[in-house]
Amino acid sequence: MGNGASNLTAANEAVLIRASRSGCGQSFGKLVQLHEQRVYNVVYRLVNHRDDAQELTQETFLRAYAKLDTFSGESRLYSWLFRIATNLALSHRRRKRVVKFEPISPSREDGFERGIGEQAEVARRRVAAPDQAVLQQETRERIAEALSDLDDEHRPAVVLRDVGGLNYAEIADALDLPVGTVKSRIHRGRLLLRQALKDLVRT
Amino acid sequence: MTDSQDISNDLSAWIDGELSDARSEQVAKAVQSDPALAAEADELRQVASLLSQFAPPALPDDFAQRIAAQAIPPKPSHFPRWASLCVAASVLVATGTALLLFQNDDIQQPSLAYNDESKENRIAATESITDDSVELKTEAKAIHRRMKDLDEKLYTEKKDHRDLEVPKVAEELADTRSIRPAKPVARFPVASKRASKTASKTAGKKAGKYKGSIAKDATPGQVLSPVASNPQPTRQIGKKADNGIATGDGPVNQTMGRAGPGRYDAALNMDQARTEAQATVTMMQNSLPVAQTVPGGPPGQKPIQFQAFRTNQHRQAKNGEQSETVYAKSLKAGQQRIEGLLYRNGIELVKQNQPLLNNRQAVLVGGWSKMVARAQVVQAKATADTSDDSQTDAPVTGQLKYMVFGGQSQIKELRSQVQVLNAANKTAKAEEVAADQVDSLAKEETIPAPILEGDVKPTAISSDIDPPDTETRQRTAKSKSHPAKRKQQRSSLSPPPVDVLIITVEERK
C-alpha cells in the first residue's frame with residue numbers, strides 16, 4: 001500500500017490532528033486525503049457495495065472528526081480510523097441483513113453500477129487487452145463473492161490484513177481482540193477463501 | 001495437536017511475518033522439508049495476493065474536500081439570520097416576563113395595605129384575595145363557556161326553522177348574558193316607523209320561525225316596553241289564515257307579535273308561545289276526527305291513522321312525566337306528523353277532485369291559488385275526456401297553468417291533447433252531417449226534376465258542405481296573423497272532402 005500515510009511521520013500526523021481539533025479545515029482535509037483510500041478499500045471489501053462504501057467512508061471521517069478529542073494518539077490514526085470503519089461496516093451489514101433484496105436483473109445498485117465502475121477503472125488503467133480486462137473483472141467479482149461468503153468473524157480480520165495492510169497488533173487493536181485470535185481468524189479465513197477460489201489458486 | 005498441525009496453523013502468520021524469529025525458522029524448516037506444507041503455504045500466499053491485488057474503484061477526487069467541508073463548515077462572514085431571530089425572540093420573551101412580573105406585583109399590591117396588621121392577618125388577607133380572584137376567574141370562565149355553548153345551540157336551533165326550542169335557548173342565553181356587566185342598550189323612547197320595522201326584523205330573526213307573525217303590530221309612537229308592562233296579547237287571529245298557521249275555530253292568542261328593541265324581546269314570552277304552538281296542534285287535531293283513516297300513503301301500505309302521532313313520549317310529557325323540552329319536542333313532532341298526513345291526504349283529495357278538509361290542508365298542498373288551479377285543470381281534463389261537446393280548454397288558461405304544471409311545455413302538451421280531442425269531435429260531427437246531407441240528396445234524386453235544355457249550369461263544386469261554425473271562424477280569425485298555424489289548423493280541423501255536385505235549377509220567369 002503505497003500511500004501518503006506511510007510516508008507521513010507520526011509527528012506530522014499529530015500536528016495535523018492538533019490543527020484539526022482547533023477547527024482547521026485544511027488540516028483535516030489533508031488527513032482525510034491521506035487515509036481515505038485505505039479506509040475506502042477496507043469498507044468496500046466489507047460491504048461489497050460502491051455507494052454504501054463511499055457513504056460509510058464519509059461517515060467514518062465525520063465521526064472521527066467529531067471524536068477527535070478522544071483520540072489519545074497512542075496508536076496510529078489509521079488504525080483508529082479502521083476501527084471506526086469496521087464497526088460501521090459491520091453494523092451496516094447487520095442492518096442490511098434484516099431486509100435483503102436480491103435484484104432480479106443486474107441493477108444500477110449492484111451489478112450495473114459495479115460494472116460501470118469496473119469499466120471506468122479499466123479505462124483509467126488503460127488496459128490494452130480487452131480479454132485481460134474481462135478476466136480481471138471476473139476474478140474481481142469472484143474475490144468479492146468469496147469475501148461476502150465469509151462470516152463476520154473472519155472477514156474483517158482478513159480484509160484488514162490483506163486489503164488494509166494492518167499488522168496483527170493493529171488488527172487486534174482495531175477489532176478489540178487478542179492477537180492470537182486475530183492470527184487464527186486470519187488463517188481460518190484464508191483457508192476458506194482458498195477453498196472458494198480453488199480454480200484461481202495454482203498449486 | 002501434532003507438530004505439523006501447529007506448523008500448518010502458523011503458516012499464515014509465517015507468510016505475514018508475524019511470528020517470532022525462532023518460530024519463523026522452525027516453520028521455514030518444516031515447509032522446506034514437507035512439500036504439502038510448502039504447497040499450502042504457496043496457496044495461502046496466492047490468496048493474500050489476490051485480495052491485495054484487486055483494489056476497488058477509486059474515490060472521487062474531491063472526496064476529501066467534501067468531507068472536510070461537511071465536518072468543518074466555513075464560518076459565516078455576516079451575522080446569520082437565525083441569530084437575529086433568536087435575539088428578537090429572546091427580547092420578546094424578556095419583555096413578556098417583565099410584564100408578567102409587574103402584573104403579579106399589581107395583584108399582590110392589596111396585601112400591602114395590611115402592613116400595619118400582624119403577619120397572620122397579612123397572610124390571611126393575601127390568601128383570601130387570591131382565593132377570590134381564582135373563584136372569580138373560574139366563574140367568569142364558566143359563564144363564558146356557557147355563553148358560547150348557548151350561542152352555538154341557538155345557531156343550531158335557528159337553522160331548524162321548525163324547532164320550538166329556539167325561544168327557550170334564547171331565554172337561557174338572555175339570562176346568562178344578564179350576568180355580565182350591564183351594557184347600555186339602545187332604546188327607542190318613541191318608536192318611529194323605521195325603528196319599529198328594524199326591531200321587527202331583529203325580533204323575527206331571533207325568534208326563529210313563527211311564520212311572519214312576529215312584530216307585526218308595532219305601531220309608530222308606541223313605547224316599546226318589556227313583557228311585564230304589556231302582558232296582554234297584542235293580536236288575535238281567528239279563522240283567517242293569513243300566515244298559514246292557525247285556522248281553528250277559537251281565537252288563538254298570538255303573542256309573538258310584540259316589537260321589542262332588545263335582542264331577545266321576541267323570545268321572552270315563552271309560555272304564551274308554547275301555548276300558541278300547543279293550541280295550533282290541538283286545533284289541527286280537532287280539525288280531523290281522531291283515528292281517521294287517511295287515504296294517503298304509498299300503495300300497499302296500511303292506511304295511516306291520525307292517532308299514531310300520540311306517541312308514548314308525548315303522553316308522558318303531557319302527564320308531566322317528561323321535561324318541558326321533551327314535551328315541546330313531542331309537540332313539534334306531532335305537528336310535523338300531522339302536517340305530513342294532511343299534505344298527503346290533500347294530494348289524494350285533489351287527485352280525486354274532492355274538496356279539501358280545511359284551509360291548513362290547502363296551504364300545505366300548495367297554496368289556495370295553486371290548489372284551485374289544480375282542481376280546475378282536473379275538471380277541464382275530465383270534461384275534455386267525457387264530453388263530446390268540449391270545444392275548448394278555456395278553464396286551463398292564464399298563469400294558473402304555469403303554477404300547476406310548472407312549465408310551458410307541459411301546458412302546450414295538454415293544449416295539444418285538447419285540440420286533438422276537439423278536432424276528432426269535429427271530424428266525427430262533420431262526417432255525420434255530411435252523411436245526412438248525402439242521404440237527403442239521395443232522397444231528392446228519386447224525384448225526377450224537370451230538366452230544361454240550356455238552363456242547366458253548374459254553379460259550384462264544393463268540398464266543404466258544412467259552413468264553418470263559430471269556433472272555427474274564431475280560430476281562423478285568431479290565426480290570421482300566423483299563416484303557418486292557420487295552414488296547420490286548416491288541415492287538422494277541416495273534415496274530409498265529400499265529392500258532391502250541387503246542381504241549382506233556376507227557372508226562367
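Sequence lines set the chain letters: A, B, ... in the order given, protein chains first and strands last, and positions in each chain run from 1. What you are looking at is a predicted structure, and each value in this text was computed from that prediction instead of being measured. Heavy atoms only: backbone and side chains are in, while hydrogens, waters and symmetry mates are out.
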Please classify the contact between [X] and chain B as side chain, backbone, both or neither, with a heavy-atom cut-off of under 4.5 Å.
X	value
A:L200	both
A:Y168	both
A:R161	side chain
A:R45	side chain

Heavy-atom pair count under 4.5 Å with chain B, highest-scoring of [options]:
options	answer
A:R190, A:Q58, A:K183	A:R190
A:R188, A:R142, A:Q54	A:Q54
A:Q33, A:K30, A:Q26, A:E36	A:E36

Quick one: which of B:G17, B:S8, B:S49 has the most heavy-atom pairs under 4.5 Å with chain A, could you say? B:S8

Approximate separation, where rounding is to 0.5 Å, of [X] [atom1] and [Y] [atom2]:
X	Y	atom1	atom2	result
A:L197	A:L147	CG	CG	8.0 Å
A:L191	A:I186	CG	CD1	12.0 Å
A:L56	A:N87	CG	CG	11.5 Å

Donor-acceptor under 3.5 Å (B:E43 side chain, B:E40 main chain): no

Parallel under 30°, tilted from 30 to 60°, perpendicular over 60°: which one fits the rings of A:Y40 and A:Y44? tilted

Which word best sums up how the rings of A:F28 and A:F61 line up, parallel for under 30°, tilted for 30 to 60°, or perpendicular for over 60°? perpendicular

